[in-house]
Each structure stands twice: as C-alpha cells, then as structure tokens.
Chemist: 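Questions regarding the structure given below will be posed in turn.
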Amino acid sequence: LPVSSSLRRVVGIGQPPKEIRRIAWLMFFFVLLDASKGLLVSWSAVHSCEALVPLALCGKNMLSVIFGLWLGLLLEGRRGLRRCLQLRRNVWMLPVAACF
C-alpha cells in the first residue's frame with residue numbers, strides 16, 4: 001500500500017534511529033580501513049615494494065586510532081575522548097585486540 005510522506009514523517013517509517021545510523025557509519029569506516037590492509041599488501045607485492053609494507057600497515061593502524069579518537073570526540077564530546085584514552089579500559093581489551 002502506498003503511504004503518504006506526511007504519514008511517514010509522523011510515524012517515522014523509513015527512517016532508522018539516529019543511533020543505528022551512527023553505528024552503520026562506524027561499521028562502514030571500520031570495514032573500509034580494515035580492507036585497506038589487504039590492498040596495501042597486494043599493491044606492494046605487485047610493485048616489488050615489500051619494504052614499504054610495514055610502514056604502510058603502521059600508517060593504516062595510526063589512521064585507525066586517530067579515526068577512533070575522532071569518532072569518540074564527535075559522538076560524545078570530551079567525555080568520549082577521555083573514555084577512549086582510559087588506560088584501564090584499554091589494558092582490559094588488550095587480550096581481545098591481540099587476537100587480531
């Protein structure tokens with residue numbers, strides 16, 4: 001059944017909640033950054049630049065950390081940035097991070 005646009009606005013049909021959109025963007029950028037690792041390794045193998053692989057991977061990882069800090073600041077302000085930098089929370093997550 002066709003539904004008018006005014007009814008969609010009132011009921012909220014077709015508009016995902018703001019929190020779900022934020023999570024979707026986070027997942028998109030995470031996958032994009034993670035996929036870049038394979039692209040960097042493949043590119044360096046094709047162009048015989050194996051010496052650049054560690055530098056490129058380090059750069060990718062630094063970009064991931066910077067993006068995470070920026071996202072914490074964007075979503076929750078200074079509180080989010082402080083939560084990202086809490087040493088206790090980071091050490092607690094270290095065993096999980098070591099698996100990747």
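Given the structure is predicted, the values throughout are model-derived calculations rather than measurements.
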Chemist: Using the side chain to side chain contact (heavy atoms under 4.5 Å, CB included) rule, pick out the option among Leu69, Leu63, Asn61 that qualifies with Val65.
Modeler: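 The residue from Leu69, Leu63, Asn61 that satisfies side chain to side chain contact (heavy atoms under 4.5 Å, CB included) with Val65 turns out to be Leu69.
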Chemist: Looking only at non-hydrogen atoms, find the nearest pair between Cys84 and Gly68 and report the distance.
Modeler: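 Result for this residue pair: SG-O, 4.1 Å.
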Chemist: I'd like to know if Leu74 and Phe67 are part of one continuous hydrophobic network [Ile/Leu/Val/Met/Phe/Trp/Tyr, side-chain heavy atoms within less than 4.5 Å].
Modeler: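 Shared cluster, yes.
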Chemist: If hydrophobic clusters are built from ILVMFWY residues whose side chains come within less than 4.5 Å, do Leu71 and Ile66 share one?
Modeler: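 No, because Leu71 and Ile66 fall into different hydrophobic clusters, even though each may have its own neighbours under 4.5 Å.
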Chemist: If hydrophobic residues (ILVMFWY) are linked whenever their side-chain heavy atoms come closer than 4.5 Å, directly or via other members, who joins Met62 in its cluster?
Modeler: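 ILVMFWY cluster around Met62 holds nothing else.
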Chemist: Would Leu32 end up clustered with Leu39 when hydrophobic side chains under 4.5 Å apart are linked, directly or stepwise?
Modeler: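 The answer is no; the residues belong to distinct hydrophobic clusters.
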Chemist: Give the cluster check for Leu85 versus Leu73: same hydrophobic cluster or not, with ILVMFWY residues linked at side-chain heavy-atom distances below 4.5 Å.
Modeler: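 The answer is yes; both residues are in one hydrophobic cluster.
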